[in-house]
Trainee: 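Below: one structure in structure tokens.
Since we're looking at a predicted model, the values are computed, not measured.
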Amino acid sequence: MLRTVATKTLFDQRRALLGWAMSLLALVGMYAAIWPSIKNQPSMNDFLNQMPEAFRALFAMSGADMSTPVGYVQVELLSFMGPMLLLIYTVTSGASAVAGEEDRHTLDLLLANPVGRGRVLVEKLLAMVAGAVLLAAVLAVALVVEGAPAGMDLPVGKVVAAMAHLCLLSLVFGALAAALGAATGHVGAARGIPAVVAVAAYVLNGLGGVVDWLKPVRQLSPFYQYAGHDPLRNGLSWTSAGIALATVAVLTVAAVIAFRRRDVAA
């Protein structure tokens with residue numbers, strides 16, 4: 001486990017990842033336990049329908065129906081809570097890849113090993129990818145396994161597709177955090193700027209469907225690539241997945257170039 005930067009990083013995160021996984025299982029379990037009392041309550045849909053259109057676009061996903069398992073999961077998990085949690089993990093991991101090591105004054109020790117800067121950064125990001133995939137898989141298994149006893153039957157293939165898009169969304173902002181950390185060496189900027197960009201992208205996607213002057217740029221939001229085609233109903237969008245992967249690749253290349261060119265602090 002300690003022979004590569006990626007496996008060493010995952011080994012160091014083992015307790016944190018276990019805590020994340022257990023928390024996600026508990027979160028989905030709570031939603032599953034609440035579902036039987038929600039599904040036969042027309043007042044929930046009435047409440048959603050009475051919300052201003054802008055608020056409904058931001059927090060309820062367009063057309064979500066709380067009386068169905070798919071609509072319930074869209075509103076309670078996929079519209080806000082799920083993205084927020086996975087973004088916290090990937091942005092933190094991405095910021096720690098270089099800026100975190102530099103802030104802890106351990107980067108010089110890491111670079112003293114016979115591995116290039118590019119390899120160190122790429123392996124750090126591979127560890128982030130592995131962690132994000134693990135957490136997305138935990139969510140998928142929890143939704144299917146914990147939801148079934150509560151009558152929250154969800155299509156397995158569509159759940160996997162939705163979690164794949166959620167994972168890709170989180171990796172976009174994790175790669176952005178890594179690039180900023182590699183370019184600046186400041187962990188605060190590497191965490192704070194992606195958080196601000198994520199909020200702006202979330203608002204752009206939500207309001208882009210109801211505000212005319214935002215519609216032309218709505219598709220630039222990573223949240224549109226995540227949810228614009230409604231993966232829990234329609235499955236995986238190869239186009240959206242490809243755009244997200246290309247974005248991660250570009251940010252990774254930018255991070256490697258910036259890291260190689262910058263003088264790092266001891």
Side-chain angles (χ1 to χ4, degrees), residues 5-6 8-10 12-14 16-17 19-20 23-24 80-107 110-111 117-136 139 163-205 220-227 241 243-265:
V5 175
K8 174 63 166 60
T9 302
L10 287 172
D12 291 341
Q13 292 182 1
R14 65 194 186 281
L17 283 172
W20 272 100
S23 298
L24 293 176
F80 183 76
M81 185 61 71
M84 182 186 70
L85 292 175
L86 258 69
L87 259 68
I88 289 173
Y89 169 74
T90 54
V91 168
T92 301
S93 297
S96 296
V98 172
E101 295 277 2
E102 204 166 349
D103 185 64
R104 295 189 297 270
H105 304 288
T106 56
L107 185 59
L110 181 59
L111 296 179
R117 290 190 181 190
R119 179 179 170 184
V120 168
L121 181 53
V122 168
E123 290 203 24
K124 286 275 192 177
L125 291 180
L126 286 175
M128 179 187 73
V129 170
V133 170
L134 171 65
L135 296 181
L139 274 176
M163 293 305 106
H165 279 288
L166 177 58
C167 181
L168 288 170
L169 171 70
S170 69
L171 291 176
V172 168
F173 290 98
L176 175 61
L180 289 168
T184 66
H186 298 296
V187 69
R191 291 176 180 170
I193 294 176
V196 172
V197 173
V199 171
Y202 180 84
V203 172
L204 172 60
N205 178 62
L220 298 176
S221 170
F223 281 89
Y224 180 83
Q225 308 306 329
Y226 156 62
I243 292 172
L245 284 171
T247 304
V248 173
V250 169
L251 289 171
T252 299
V253 171
V256 170
I257 292 173
F259 190 31
R260 284 176 172 172
R261 293 181 176 179
R262 187 172 62 85
D263 292 331
V264 300

Trainee: Applying side chain to side chain contact (heavy atoms under 4.5 Å, CB included), run through Arg262 and Val98 and close with a yes or a no.
Mentor: CA-CA 11 Å; Arg262 187 172 62 85; Val98 172; 3.8 Å; yes

Trainee: Mind running side chain to side chain contact (heavy atoms under 4.5 Å, CB included) on Val129 and Leu171 for me, showing each step along the way?
Mentor: CA-CA 7 Å; Val129 170; Leu171 291 176; 3.9 Å; yes

Trainee: Once you round to the nearest 0.5 Å, how far does CD1 of Ile193 lie from NE2 of His186?
Mentor: 10.0 Å

Trainee: Decide side chain to side chain contact (heavy atoms under 4.5 Å, CB included) for Leu204 and Tyr224; before the verdict, give the C-alpha distance in whole Å, the side-chain angles of both, and the deciding distance to 0.1 Å.
Mentor: CA-CA 9 Å; Leu204 172 60; Tyr224 180 83; over 6 Å; no

Trainee: Please, which pairs that meet salt bridge (charged side-chain N to carboxylate O under 4.0 Å, His left out) have at least one residue in residues 121-136, sequence neighbours excluded?
Mentor: Glu101-Lys124, Arg119-Glu123

Trainee: Using a cut-off of 6.0 Å, state whether more than 12 heavy atoms not belonging to Arg260 lie near its atom CZ.
Mentor: no

Trainee: Once rounded to the nearest 0.5 Å, what's the spacing between atom CG of Leu85 and atom CH2 of Trp20?
Mentor: 5.5 Å

Trainee: Check whether Ser170 reaches the backbone of Leu87 with its side chain - one donor and one acceptor, N or O, closer than 3.5 Å.
Mentor: no

Trainee: Please name the pair of heavy atoms, one in Leu125 and one in Ala178, separated by the smallest distance, quoted to 0.1 Å.
Mentor: CD2-CB, 3.5 Å

Trainee: I want to check something: taking the side chain as every heavy atom from C-beta on, are Leu180 and Pro194 in contact at a cut-off of under 4.5 Å?
Mentor: yes

Trainee: Just verifying a value: how many Å separate Leu126 CG and Thr9 OG1, rounded to the nearest 0.5 Å?
Mentor: 10.0 Å

Trainee: Among Leu245, Leu251, Thr252, whose side chain to side chain contact (heavy atoms under 4.5 Å, CB included) with Val248 holds?
Mentor: Thr252

Trainee: Locate the shortest heavy-atom distance separating Gly181 from Ala99; write the atom from each residue and the value.
Mentor: CA-CB, 3.8 Å

Trainee: Between Ala190 and Ala95, what is the shortest heavy-atom contact and its length?
Mentor: CB-CB, 3.6 Å

Trainee: Minimum heavy-atom separation for Gly118 and Val256, please, with both atom names.
Mentor: CA-CG1, 3.9 Å

Trainee: Taking the inter-plane angle between the rings of Phe223 and Phe173 on a 0 to 90° scale, is it parallel (under 30°), tilted (30 to 60°) or perpendicular (over 60°)?
Mentor: tilted

Trainee: If you count the non-hydrogen atoms of other residues, nucleotides and ligands that lie under 6.0 Å from CZ in Arg261, is the total more than 12?
Mentor: no

Trainee: Closest approach of Arg191 and Ser96, non-hydrogen atoms and distance?
Mentor: NH2-OG, 4.0 Å

Trainee: So Leu168 and Tyr226, side chain to side chain contact (heavy atoms under 4.5 Å, CB included) or not? Walk me through it.
Mentor: CA-CA 8 Å; Leu168 288 170; Tyr226 156 62; over 6 Å; no

Trainee: Return the CZ to CG distance between Arg117 and Leu107, rounded to the nearest 0.5 Å.
Mentor: 7.5 Å

Trainee: If you round to the nearest 0.5 Å, how far is CD1 of Ile88 from OG of Ser93?
Mentor: 11.5 Å

Trainee: Can you give me the closest heavy-atom contact between Leu86 and Cys167, atom names plus distance?
Mentor: CD2-CA, 4.3 Å

Trainee: Enter the distance from Leu121:CG to Ile257:CD1 here, rounded to the nearest 0.5 Å.
Mentor: 11.0 Å

